[in-house]
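In what follows, a structure is listed as structure tokens, so that the remarks can point back to it.
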Protein chains: 2
Amino acid sequence: MAAQRGEGDTTATPAEAADKERARAIPEAAVARLAVYLRVLSGMSESGVTAVSSEELSQAAGVNAAKLRKDLSYIGSYGTRGVGYDVEVLVSHIERILGLTRNHSVAVVGIGNLGHALANYGGFPGRGFPVTALFDVDADLVGIPVGGIPVNHIDEITAVCLEREVSIGVIATPPPAAQSVCDRLVSAGVQCILNFAPVVLQVPDNVEVRKVDLAVEMQILSFHVARRADEAAGVSVGNNGLGVDGMVIRP
Amino acid sequence: MAAQRGEGDTTATPAEAADKERARAIPEAAVARLAVYLRVLSGMSESGVTAVSSEELSQAAGVNAAKLRKDLSYIGSYGTRGVGYDVEVLVSHIERILGLTRNHSVAVVGIGNLGHALANYGGFPGRGFPVTALFDVDADLVGIPVGGIPVNHIDEITAVCLEREVSIGVIATPPPAAQSVCDRLVSAGVQCILNFAPVVLQVPDNVEVRKVDLAVEMQILSFHVARRADEAAGVSVGNNGLGVDGMVIRP
DNA sequence: TCGACTTTGTGCGTGCGTTCACAAGCGGTA
DNA sequence: TACCGCTTGTGAACGCACGCACAAAGTCGA
């Protein structure tokens, strides 16, 4: 911890090394937004847009312009002052930082409703994530192709994942099976797991887990709607119908 | 902004008002975790567990014990020192804070692969979110029941949502349709939207949007795997193969 | 009844992330 | 070539959230 930002590295290609060096310092939240910027930029690129200003891009991505510039500054200085950013240049740099240059192959475990949906996505939007393996416990499903890929039995996870060099595992199983599936994926060398099962997974330090829990998302929304309803009902900070100092905000 | 925490409210039921008062102060991040605690607690309750300490609960939820206690303190003091928390009590309080006492009915728009999966969830795990309406543009789908609910045409969103008092809208359409669908939901009075389409939605201030973007999640994972690979390759802070001070951490 | 132990609730310091504001830099123009 | 206006990149201040560490408070046993 608290490693001093020593600028004494002299090995490797200058630009490359600088990127890797920087990758550590990018805040988690900024990484998520970079992915959004990439999506917007890709759309612009397809529409023939070649240049964009931070103001335009930030609006399209739904964030603050200053925040966008700071986020982009984490990956380097690729803009032109007085002009803006070259769309293609930004796309390629963000892709490199996000590690999208290497092709990640994805395995989906649990071919239920959600698993089907994921398998049929077939190469997630924004490309670069080909689904190359599917697994399920149900013997009736084994061998049947879903989205063009045949389903393997769950016991084959380790072998198949090693063989096809799967780098990202997606868990879409019922909750009780999730941990066991996770363990198998880990033992197959998978270091990234996207978990749709409402379970807290136990993994070694070298494995990254992201979870998507639809019920949690719903409950967060529910919280906000409840808060809104309460505010509307006038149960706010000593609010008796008037503003704090008798002033009406946004009449 | 900067409203002083005035303790001069004398209206409404004491406990209720205190809750609403507090709801404003709960950090966004804490709300998300409360939902996780609720899930874990529900599981414990079903297993017959009646009491739990912050240490146990925090481990089950995968967070720091101190953080858990702080999160729970946002909703009130319902623990017993020297003992712990009563599971049922916590469950009911978290449910109230998250607004789960009122039944939210959910509409899913876009009955493709993902929409099917969502519709078949039928009342999301952890109950309280009954799916009561489905919509799609495809005339062939209209009338066909999915997960027990017949599909309506997308033009009927406003009427049906108003009639069934839908409070949460889920957008699972292709990207180009998302904004238009969103607008219709909003005009039907829906104030909470869960958006699976990779698009930045424009909504009025009084509407809450949460987005789930699978490609973004993948890309975040990709970033981490890339960072790990770089570290392993030795492109770290002046690392020449040895630890910072020549010591091997975790041999 | 009293003491010792256990666990909660929270005040406070620290670190991270966001925002502001402005200097630096570049293209266009005369 | 020199000036002007526009946009980037970033230093610095702010605010929030996290985690520590401890006092408060309750239970259990003697």
Side-chain angles (χ1 to χ4, degrees), chain A residues 1-5 7 18-19 22-37 41 49-87 89-90 93-94 97 220, chain B residues 1-5 7 18-19 22-34 36-37 41 49-87 89-90 93-94 97 220 223:
Chain A
M1 304 287 180
Q4 68 282 13
R5 196 79 47 88
E7 296 294 340
D19 283 351
R22 244 181 231 114
R24 301 197 132 180
I26 304 182
E28 187 67 23
V31 174
R33 286 191 298 268
L34 282 172
V36 175
Y37 305 153
L41 287 165
V49 179
T50 58
V52 67
S53 73
S54 64
E55 188 61 43
E56 292 168 309
L57 184 52
S58 69
Q59 261 191 314
V63 301
N64 184 295
K67 177 149 54 179
L68 178 133
R69 286 200 299 273
K70 176 137 276 190
D71 288 345
L72 292 181
S73 80
Y74 289 129
I75 68 174
S77 301
Y78 303 113
T80 308
R81 295 170 191 237
V83 178
Y85 301 90
D86 182 287
V87 174
V89 169
L90 268 193
H93 283 289
I94 295 178
I97 289 289
I220 295 171
Chain B
M1 305 292 179
Q4 69 280 18
R5 196 76 48 84
E7 294 295 338
D19 281 351
R22 244 180 232 113
R24 301 195 133 179
I26 303 181
E28 187 68 22
V31 174
R33 286 190 299 268
L34 282 172
V36 175
Y37 306 153
L41 286 165
V49 179
T50 58
V52 68
S53 73
S54 65
E55 189 60 43
E56 292 169 309
L57 184 53
S58 70
Q59 262 191 313
V63 302
N64 183 295
K67 177 150 55 180
L68 178 134
R69 288 200 298 274
K70 178 145 281 197
D71 288 344
L72 292 182
S73 80
Y74 289 129
I75 68 173
S77 301
Y78 303 113
T80 308
R81 294 172 192 236
V83 179
Y85 300 90
D86 182 288
V87 174
V89 169
L90 268 193
H93 282 289
I94 295 178
I97 290 289
I220 294 171
F223 169 80

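We name chains A, B, ... by the order of the sequence lines, and we start the count at 1 in each one. Everything numeric in this text was worked out from a predicted model, so none of it was measured.
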Sort me out a list of protein N/O and nucleotides 19-22 of chain C N/O pairs below 3.5 Å, or just none if empty.
unit_1  : atom_1 : unit_2 : atom_2 : d
dT19(C) : OP2    : K67(A) : NZ     : 3.3
dT19(C) : O4     : K70(A) : NZ     : 3.4

Mind calculating the distance between CD (E55(A)) and P (dT8(D)) to the nearest angstrom? 9 Å
Heavy-atom check, side chain of Y85(B) versus side chain of E56(B), under 4.5 Å: no
Below the 4.0 Å mark, does dT8(C) have OP1 or OP2 next to a side-chain nitrogen or oxygen of S54(B)? yes
From CD of E56(A) over to P of dC6(D), roughly how many Å is that when rounded to an integer? 14 Å
Whole-Å distance between dT8(C) P and I75(B) CD1? 14 Å
So do the side chains of V63(A) and L57(A) get within less than 4.5 Å of each other, counting heavy atoms only? no
Length of the line joining L72(B):CG and dT8(C):C1', which is rounded to integer Å: 10 Å
Would you mind reading off the distance between L68(B) atom CG and dA17(D) atom P, rounded to a whole angstrom? 17 Å
For E28(A), report the nucleic acid contact type (base, sugar-phosphate, nothing); a contact means any heavy atom under 4.0 Å. sugar-phosphate
Evaluate the side-chain proximity of L34(A) to L72(A): yes if any heavy-atom separation is below 4.5 Å, no if none is. yes
Out of dG26(D), dG9(C), dA17(D), whichever nucleotide has its closest atom nearest the side chain of S77(B): dG9(C)
Value rounded to 0.5 Å, distance of OG in S53(A) from CD in Q59(A): 9.0 Å
Calculate the interatomic distance between Q59(A) atom CD and dT7(D) atom C1'; express it in whole Å. 15 Å
Inter-residue atom distance K67(A).NZ - D71(A).CG, 0.5 Å rounding: 7.5 Å
Nucleotide of dT7(D), dA17(D), dG17(C) approaching P27(B) most closely (side-chain heavy atoms): dA17(D)
How long is the straight-line distance from OG of S77(A) back to NE2 of H93(A), given to the nearest 0.5 Å? 10.5 Å
Under 4.0 Å between a side-chain N or O of Y74(B) and OP1 or OP2 of dA17(D)? no
Assess whether side-chain contact (heavy atoms from CB on, under 4.5 Å) is satisfied between Y37(B) and L68(B), documenting all intermediate values. CA-CA 9 Å; Y37(B) 306 153; L68(B) 178 134; 3.8 Å; yes
Please state whether the phosphate of dC5(C), meaning OP1 or OP2, lies under 4.0 angstrom from any side-chain nitrogen or oxygen of R81(B). no
Report yes if at least one side-chain N or O of Y78(A) is closer than 4.0 Å to OP1 or OP2 of dT7(D); otherwise report no. no
d(CG, L34(A); P, dT18(C)) in whole Å: 11 Å
Between D71(B) (CG) and dC18(D) (P), how many Å, whole number? 7 Å
